[in-house]
Structure formats: C-alpha cells, structure tokens
Amino acid sequence: RKEVEQDPGPFNVPEGATVAFNCTYSNSASQSFFWYRQDCRKEPKLLMSVYSSGNEDGRFTAQLNRASQYISLLIRDSKLSDSATYLCVVKDNTNAGKSTFGDGTTLTVKP
Amino acid sequence: NAGVTQTPKFQVLKTGQSMTLQCAQDMNHNSMYWYRQDPGMGLRLIYYSASEGTTDKGEVPNGYNVSRLNKREFSLRLESAAPSQTSVYFCASSLQGAVYEQYFGPGTRLTVT
C-alpha cells in the first residue's frame, strides 16, 4: 500500500462545477499536510497548507481528518485555469521534514 | 530573488555516461531535496539534506550521489547513467521543520539512451 494515495482521476468537469479530491495517508505520525498544484511539465507549487481546523482560500477549501487519516480539497466554481494536477503531500515530524507525495489527481475544466 | 534554480534544463546522455545536476537556492533555507518524477507519477525522494553538512537517502537513492556544497547548493550526480534514470528531476528547498512547505526549481529533463 502506498503511503499517500489519491484518486488519479481524471476529473473532467464543466466550468462552474464544484469538485472534490480525496487523499489518504498511512503514517499516523505525519505532521503536516499540503496541497500542491502542478501544471503540465512544470514544477509543483504550493496551493495551500491543510490545518486541523480546516481552511479556506477563496474558492478552495482544505480539510484534514486525523482520525481517519484523510485529507480533502474542494474547489468551487471551477475555472478553466484550474485545470492541472493536484498533489497531496504529507510531511513527517522529523527535523528534515521529509515529504511524501501522492501520484496526483488530474483535473480538466471544460467550457 | 531567483528562488530555486537548476541547471541544466535539458540533458541527453548515453548509457554509462556521468553527469551532475546543479541546484541552488537563495532563500536561506536549511533543507534541500532531490526528487525524480516519472510520467503519470508523483515525486519520489532520491536524497535530502536536512542542513548544511548532512545528507541522507530517500526512497530511491540507488545510482545517485549527492553533495551539499554549502548552504545554498545541493548537487546530484549520476555516475553511470542508465535508461531507467530517464526522468524529470526536481530540486526543492525549505526551512527546517515539519510545518514548512517546499519550494521547487523548474526541473531538469534527462533522457538516457
């Protein structure tokens, strides 16, 4: 079993749709959680950190459930520019803060 | 600030050749990382350096060596390239500690024939 698992998709949605991505992790000692966005042939860029209380940034909402070892990302009112691959990232609690990446979920938003 | 820079951007090697991928960051980060990303897959950690003077193996270290030259620079060396090392290589850096996100360089696209 992979340490971090994501639904690979692809998700194909019309503009304006709401879409949710899920991610599960296996290491209960994991400390920090992030969602990154990766455009085709580009480097990953931080979309948002995920806090225990949940957090929202505009159209994006991230949730963490430590008991179920589950992270989610909700995108409301999808835009064409949201088309990308979304990577779930789990960081351990060592000083080095090693990160484990999911394989990513691909989203295509269509007009 | 340039952030994280990597050279070269593209490279083609023949099997058995060696090369060094360069990475530098200007954000005064302690920790630096090397990943590889194969098509349709997430990033896999090759080596990391928690702080200047230390390096450790990640998930897929075989066939690679690293050098943390100073706080800014972290290089990745392929001693004898193999076709299985064809991939995109990303360097990243972060402040030390679990809560901090990583910042990535633009990547090096390596093909081994």
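Values below: every heavy atom of this structure, side chains too, minus hydrogens, waters and symmetry copies. So that the names make sense, note that chain A is the first sequence line, chain B the second, and so on, each numbered from 1.
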What are the two closest non-hydrogen atoms of A:Glu43 and B:Gly105, and how far apart are they?
-> CB-O, 3.0 Å

Transitively linked via ILVMFWY side-chain contacts under 4.5 Å: A:Ile71 with A:Tyr86?
-> yes

Between the side chains of A:Ser99 and B:Gln102, does any donor sit under 3.5 Å from an acceptor?
-> yes

Give the intermediate values and the outcome of side chain to side chain contact (heavy atoms under 4.5 Å, CB included) for residues B:Glu101 and A:Ser32.
-> CA-CA 9 Å; B:Glu101 71 268 25; A:Ser32 304; over 6 Å; no

Which atoms of A:Gln38 approach chain B - backbone, side chain, both or neither, heavy atom under 4.5 Å | side chain

Other residues, nucleotides, ligands: >12 heavy atoms within 6.0 Å of B:Glu52 CD = yes

Might you confirm whether atom OH of A:Tyr70 has over 12 heavy atoms from other residues, nucleotides or ligands at distances under 6.0 Å?
-> yes

Using the rule that two of Ile, Leu, Val, Met, Phe, Trp, Tyr join whenever any of their side-chain heavy atoms come within less than 4.5 Å, decide whether A:Leu73 and A:Val90 are in one cluster.
-> yes

Does A:Leu64 share a hydrophobic cluster with A:Leu87, counting links as ILVMFWY side-chain heavy atoms below 4.5 Å and allowing steps through other members?
-> no

Enter the distance from A:Asp103:CG to B:Arg44:CZ here, rounded to the nearest 0.5 Å.
-> 9.0 Å

What part of B:Leu43 gets closer than 4.5 Å to chain A, counting heavy atoms only: side chain, backbone, both or neither?
-> both

Starting at NZ of A:Lys45, measure out to CZ of B:Phe104 and round the result to the nearest 0.5 Å.
-> 12.0 Å

Side chain from CB out, backbone as N, CA, C, O: work out which of these in B:Tyr100 comes under 4.5 Å of a heavy atom of chain A, or both, or neither.
-> both

Contact origin within A:Tyr36 toward chain B - heavy atom pairs under 4.5 Å = side chain

Single-linkage hydrophobic cluster B:Tyr35~B:Leu78, side-chain heavy atoms < 4.5 angstrom | no

Could you tell me which portion of B:Glu59 (side chain, backbone, both or neither) has an atom closer than 4.5 angstrom to a non-hydrogen atom of chain A?
-> neither

Taking a hydrophobic cluster as the set of Ile, Leu, Val, Met, Phe, Trp and Tyr residues connected by side-chain heavy atoms closer than 4.5 Å, whether directly or through intermediates, do A:Phe21 and A:Val13 fall within one such cluster?
-> yes

For each of A:Val89, A:Leu46, A:Thr100, A:Thr106, tally heavy-atom pairs with chain B at distances under 4.5 Å, and name the one with the top tally.
-> A:Leu46

Identify the heavy atoms of B:Arg109 and A:Lys42 that sit nearest to each other, and give their distance.
-> NH2-N, 3.9 Å

